[in-house]
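Down below is the structure, laid out as structure tokens.
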Amino acid sequence: MYSDLLANLNPEQGEAVTLPPVDQNGHAQSALILAGAGSGKTRVLTTRIAWLIQTGQVSPIGVLAVTFTNKAAKEMLIRLGAMLPINTRGMWIGTFHGLCNRLLRAHHKDAGLPSTFQILDTQDQLSAIKRLLKGLKVDDEKYPPKQLQYFIAHAKERGLRVKDIESGDDFQAKMAQLYQAYDEQCQREGVVDFAELLLRSYELLKHSEPIRTHYQERFRHILIDEFQDTNALQYAWLKLLSGHDGSRPSTQRSAVFAVGDDDQSIYAFRGADVENMRLYEKQFHPMMVKLEQNYRSHGHILDTANHLISNNTERLGKNLRTDAGHGEPVRIYEAASDSLEASWLVDEIKALINSGIQRTEIALLYRSNAQSRIIEHALFSAGLPYRVYGGLRFFERAEIKHALAYLRLLENPNDDTSFSRVVNFPTRGIGARSIEALQDAARAQQCSLYLAASSLEGKAGAALGGFVRLIDHMREATRHNTLPETVEFVIQHSGLIQHYLGEREGQDRVENLQELINAATAFIAEEGYGQDAKAATLPGENAPGDVEVSPLASFLSHASLEAGDNQAQAGQDAVQLMTVHSAKGLEFTSVFITGLEEGLFPHENSVNELNGLEEERRLMYVAITRAKERLYLSHTQSRMLHGQVRYNMPSRFLEELPSDSLKWLTPKAKDARWGGRSSGSTWNDGYTRQREYESNDFFDSGSDRPVTRAHSTLSNNVKRMAAPPRDTYPFKIGQNVFHTKFGEGRVTALEGLDTDARAQIHFKRHGIKWLQLSIAKLAAID
DNA sequence: TTCTCTCTGAGAAGG
DNA sequence: TCAGAGAGAA
């Protein structure tokens, strides 16, 4: 019977899916699947769940599956529903945050939270922090809100409460103290931030023995996707829940099935730790299967990826292979400038479309968002439809957040973040002064702004009283409404619709608000509130985790946990523009990786980070492996960045590709171009590589004609760049200098003529900067 | 309270 | 280059 499930798997996939979840001693046997790009990992994960259920090794309620995005969770549910005749609705498949939210809702009392607790997204968290600092009269120059936010998030992601933080210097101590105050504020207001969601549920499981045991016994099989992206807290959570932390005897642990790819770990900057894979090997003793058969890319593309990534040292080791044949070589193009790069892109895309390739099958990738502008401009001028990923998403839009803030106040009036957000929006004469007075009153009475509002006297008190009555009225009036009716009522009576109708550019916002009503309707239908609510519960178990929450409360958490699409140009047949990060997990027939220049990709900031270069290389690896049939790489000699023209060297990654798989559309720069560099080891100097204009290696010193006969369009640029004689600069490369504002630094590059002469300086405190020598006050030191 | 101007600083992003 | 924050004026 289950052979159907396995019929379409290759041997290694089949092996992974059917790994015995129990060893010969009857103990749970965990697994680690090293799944290369395009090796069918989602399929393996889903089939594993189906196989476990179908072979009777577990019932659907005994499975816990964790993903990193809602999209991945949804996809898994859909595939599973197609494989098995079961209702997947009650299954615990979701993101870490979604599952933890579910846990905390079910056990809010034990977790020390009100039943109506709200979730703060990153924006909300920042405004809560700003409000906190203001209230405590803390100098936000000295303790920047953003930095405190980072401090708190990182502490929580490592599982650290204030008491666990080692006392360091004064600054550290103050940050810890503010962390404490922030947590107290959140507790008072009944809100939790994203990291708190995880930490709180970890602590819940840790400290409540009955709850822990309940879930440990329920979830006999725990599956994790994108394991390389887990952080320390998520790992600890997993260890605890599966009983591998020592809380259960070895005979009673759950089997963990982790799928990941260390070569695609690109999120260290947000707390992910690839080390977890090695830790997992050591602590869970998993059986290991490598999925190295790639079903996506042609040979040259795959060779390119393999070759590049082999330059990384810290790898578990894996080499992708394909049956698809070599296919097209990887094409490399050098443009003279960013605008010429863009127009080349347009030409090449037009040719691809003429050859019958769908626009949606063409992706333009870049390292940083700022690069999209010039490409968009070129596509727009050429009349080529395109879609940009990223940017503001539906639930992050200001008007939507305003509406949600009103809705949150109906649920939980103590939510001061929401209160502050809309107390004077639309404006109702409650200005900064009134708010300040209100905050003082609230602090004195140890209560929320909402409660303090009625105690205030005078004109401000009257206006605030009006606001409180408005909220109370909305709550009363919608008591028996359906969710969409409530949403509609609130956006009408809050005055939001009217406000935006009066604005010149408000039409879009009004439409978005109306869309929010639709979103509520869709949510009710999807979640099965109303007619088939019963179907949501699986037979056989009355789990404490499956409790009903009010539709509004659950819609609000949905809005926080799932920011929604950025719907711009969705569905249209358009060329796809996105950063390399957001391309992860996607695939396209044709892929362009643009801006392959030193300083950009690898990004200049990365060279100063621990293992930063290796992460950039993995990022490049991810980019390459998005391509199925055609891959183009481009770089430019000059690029406008932050309003200044920069001349960057070609990316070092271009040198790390196998020449047999490449085809240079512009003449490949001769070795001379790469400077007098000896065999690859000299770049790790911690500084951005910069074009060097040594007359004797790049240009014929006697004439302005380049020796390496570059593309004809390049020669103008070349002339300008060839001109500056070295010795006219007041500083030398490597010299230490002092700047009145940035302090001490070292000169790392020089370029330009006369008043245009610039120096790149690596400042100890402020990082790398370009300074115009005619303007900047620089003094040589030592 | 709100509009306008000036200054600053700049990476990637899911929940 | 350009978005966001903060200051100052109406």
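All chains are named by letter (A, B, ...) in the order of the sequence lines, taking the proteins before the strands, and each is independently numbered beginning at 1. For the numbers below, each heavy atom of this structure counts, side chains included, while hydrogens, waters and symmetry mates do not.
For Q644(A) and dT8(B), the CD to C1' distance is 14 Å, given to the nearest whole Å. In this structure, the CD atom of Q118(A) is 16 Å from the C1' atom of dG15(B), given to the nearest Å. Counting to the nearest Å, the P atom of dG15(B) and the CG atom of N231(A) are 15 Å from each other. For E141(A) and dT8(B), the CD to P distance is 12 Å, given to the nearest whole Å. Across the protein-nucleic acid pair, K71(A) atom NZ and dA13(B) atom P stand 14 Å apart, rounded to whole Å. The nearest whole Å value for the distance from the CG atom in L641(A) to the P atom in dG9(B) is 16 Å. Across the protein-nucleic acid pair, I266(A) atom CD1 and dG11(B) atom P stand 17 Å apart, rounded to whole Å. Atom CD of E604(A) and atom C1' of dG11(B) are 9 Å apart (whole Å).
One cannot find a donor-acceptor pair under 3.5 Å joining the base of dG14(B) and the side-chain atoms of E226(A). Checked by distance alone, T122(A) brings a side-chain donor or acceptor within 3.5 Å of a matching partner on the base of dG15(B). With hydrogens and angles ignored, a donor-acceptor pair under 3.5 angstrom links the side chain of H642(A) to the base of dA10(B). For E616(A) against dG11(B), a side-chain N or O and a base N or O form a donor-acceptor pair under 3.5 Å.
D229(A) comes within 4.0 angstrom of nothing in the nucleic acid, heavy atoms only. Here S582(A) lies in heavy-atom contact (under 4.0 Å) with sugar-phosphate atoms only. Base contact: F194(A) has a heavy atom under 4.0 Å from a base atom. Residue R367(A) is classed as a base contact, given a heavy-atom separation below 4.0 Å to a base. Within 4.0 Å (heavy atoms only), I430(A) reaches sugar-phosphate atoms of the nucleic acid but no base atom.
Across the strands present, dG6(C) finds its partner in dC5(B); the criterion is a Watson-Crick or G-U wobble pair with both atom distances under 3.5 angstrom.
Nucleotides of DNA chain B nearest to F269(A) and T69(A) differ in position, and the one nearer the 5' end is that of F269(A).
Of the candidate nucleotides dG15(B), dT1(C), dG11(B), dT1(C) has the atom lying nearest to any side-chain atom of M640(A). With distances taken from any side-chain atom of R373(A) to the nucleotides dG15(B), dA12(B), dC2(C), the minimum falls on dC2(C).
Figure legend: R387(A) and Y389(A) shown as a cation-pi pair, the cationic atom lying under 6.0 angstrom from the six-membered ring centre and within 45 degrees of its axis.
For H499(A) and F425(A), the ring centers are positioned less than 6.0 Å apart.
Close to dG15(B), at under 4.0 Å from its OP1 or OP2, lies a side-chain N or O of N70(A). Side-chain N/O atoms of R393(A) include one lying less than 4.0 angstrom from OP1 or OP2 on dG15(B). Note on S606(A): every side-chain N or O is 4.0 Å or more away from OP1 and OP2 of dG11(B). When the side-chain nitrogen and oxygen atoms of N369(A) are compared with OP1 and OP2 of dA12(B), one or more of them lie within a distance under 4.0 Å. The phosphate of dT2(B) has OP1 or OP2 within less than 4.0 Å of a side-chain N or O from T427(A).
By the 5.5 Å and 30° criteria, H603(A) is stacked with the base of dG11(B).
Proximity of F395(A) to S560(A): side-chain heavy atoms (C-beta onward) are nowhere separated by under 4.5 Å.
The environment of CD in E609(A) is crowded: more than 12 heavy-atom neighbours from other residues, nucleotides or ligands sit within 6.0 Å.
The same atom, C1', is picked in dA12(B) and in dA5(C); the two are 23 Å apart, to the nearest Å.
Separation of atoms CZ (R509(A)) and CD1 (I400(A)) is listed at 10.0 Å; rounding is to 0.5 Å.
Between the side chain of E597(A) and the backbone N or O of T636(A) there is at least one donor-acceptor pair closer than 3.5 Å. Using modelled atom types, one side-chain atom of N312(A) and one backbone atom of E614(A) make a donor-acceptor pair closer than 3.5 Å.
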